[in-house]
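Remember, predicted model here, so these are calculated numbers, not experimental data. When a ligand or atom number is given, it counts from 1 through the structure's own listing order.
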Amino acid sequence: MATKDDEAFLAPDMNAFGRQFRDYDAESERQKSVQEFYRLQHINQTVDFVTKMRAEYGKLDKKVMSIWECCELLNEVVDESDPDLDEPQIQHLLQSAEAIRKDYPNEDWLHLTALIHDLGKVITLPQFGGLPQWAVVGDTFPVGCAFDESNVHHMYFMKNQDFHNKAYNTKNGIYSQGCGLNNVMMSWGHDDYMYLVAKENGSTLPSAGQFIIRYHSFYPLHTAGEYTHLMNEEDTENLKWLHVFNKYELYSKSKVHIDVEKVKPYYMSLIKKYFPENLRW
Ligand SMILES: O[C@H]1[C@H](O)[C@@H](O)[C@H](O)[C@@H](O)[C@H]1O
Ligand SMILES: [Fe+2]
Ligand SMILES: [Fe+2]
């Protein structure tokens, strides 16, 4: 007989606060601080800033540690951009991973991708450079081309210096049609950082897994369907998996906790399969 654990994942209609998911306009205290977060993010994420961050974090000289150590460290991180989540970050990682595992039991790489997708948020901690929230979390978007209106709280881009730069404020900006997302500079944050960590440490996670990590906050693309003119064929293939992932990542945010010790052995075996024991961060 099927137990509750064997049932397919059901996406809820409401978040843990009884609101719609990703409602950035609802009147509440939380909404105000989320809006203030996006004001700062949209003003400060520029081509110059991203260029500096890529160079700095590309050194991977902050710490040597395992993937699991980082999962535990993530519990110290608070995400001020998220209107749907109040739980410790490790719960969010495990909730996402276990939800996907229910419906895609054979795609072990996808379970692991879910487990690690937000680990990059550690760059907000002092020992990783202590970056401000606007440089770590929130939705992401390309810099170096026009900011699309599908970005939440789009109006704040008006105070971004790139908004007024003629080289950057056209549809393609410094890019060309179909150039591929790999050639596009995304706003700096936990996605691009974790992608860098995985790649530079020689992870064998499939290309779709690496793509999910790198673009999971790129809602203007994967949910609004904008910026597709920058994609190439490989991006189109990988985007299919990002759509799958997104459903489980977003709608698994709930108050139902996962027993960490119970599932840890399974995830440790996946980490061993796809990552070296210690990584440079
Ligand atoms: O607030 C959330 C949160 O920071 C997530 O980790 C990120 O991936 C989302 O795109 C963002 O909207
Ligand atoms: Fe997440
Ligand atoms: Fe994220």
Considering only non-hydrogen protein atoms, determine which one is nearest to [atom] and report residue, atom name and distance to 0.1 Å.
| atom | result |
| --- | --- |
| atom 1 (O) of ligand 1 | S81 OG, 2.6 Å |
| atom 3 (C) of ligand 1 | D79 OD2, 3.1 Å |
| atom 7 (C) of ligand 1 | S217 OG, 3.2 Å |
| atom 10 (O) of ligand 1 | D139 OD1, 2.9 Å |

[X] side chain to [Y] main-chain N or O, any donor-acceptor pair under 3.5 Å?
| X | Y | value |
| --- | --- | --- |
| T236 | N232 | yes |
| N246 | L242 | no |
| Y248 | D103 | no |

Requested in this report: Tell me whether L73 is reachable from I123 by hopping between hydrophobic residues (I, L, V, M, F, W, Y) whose side-chain heavy atoms are closer than 4.5 Å.
Outcome: yes
Report task. Check E249 and report its N/O/S atom nearest to the Fe ion (ligand 2), by atom name. Result ->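 Going by distance to the Fe ion (ligand 2), the closest N, O or S atom in E249 is OE2.
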What atoms of ligand 1 come within less than 4.0 Å of a heavy atom belonging to [X]?
| X | result |
| --- | --- |
| D82 | 1 (O) |
| R22 | 12 (O) |
| D118 | 6 (O) |
| Y24 | 12 (O) |
| H216 | 8 (O) |
| Y219 | 10 (O) |

Between [X] and [Y], is the gap from one ring center to the other below 6.0 Å?
| X | Y | value |
| --- | --- | --- |
| Y168 | F163 | no |
| Y57 | W281 | no |
| F141 | F157 | yes |

Report task. Begin from the C-alpha positions of K62 and E56 and carry the test salt bridge (charged side-chain N to carboxylate O under 4.0 Å, His left out) through to its verdict. Result -> CA-CA 10 Å; K62 309 280 179 286; E56 171 57 28; 2.7 Å; yes
Query - From H222, H117, H111, residue fulfilling ring pair (Phe, Tyr, Trp, His ring centres under 6.0 Å) relative to F245 - result: H117
Query raised in the report: Short N/O distance, under 3.5 Å, between P83 and ligand 1?
Result: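 No, P83 has no N/O under 3.5 Å of an N/O on ligand 1.
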Query - K253-ligand 1 polar pair, N/O distance under 3.5 Å - result: no
Query raised in the report: What's the atom name of the N, O or S in D118 nearest to the Fe ion (ligand 3)?
Result: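 Result: OD1.
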Requested in this report: Kindly report the NE2-the Fe ion (ligand 2)-NE2 angle for H117 and H92 respectively, rounded to 10°.
Outcome: 100°
Query raised in the report: About how many Å separate NE2 of H92 and CG of D86, when rounded to the nearest 0.5 Å?
Result: 13.0 Å
Report task. Could you establish whether Y38 and ligand 1 come within less than 4.0 Å of each other, counting only heavy atoms on the residue side? Result ->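 True for this residue.
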Query raised in the report: Does at least one non-hydrogen atom of H190 fall below 4.0 angstrom from an atom of ligand 1?
Result: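 Right, H190 reaches ligand 1.
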Report summary line: Looking only at non-hydrogen atoms, the one of K121, H117, E80, H92 nearest atom 5 (C) of ligand 1 is K121
Query raised in the report: Is the cationic atom of R101 (NZ for Lys, CZ for Arg) positioned less than 6.0 Å from the six-membered ring centroid of Y266 and within 45 degrees of its normal?
Result: yes
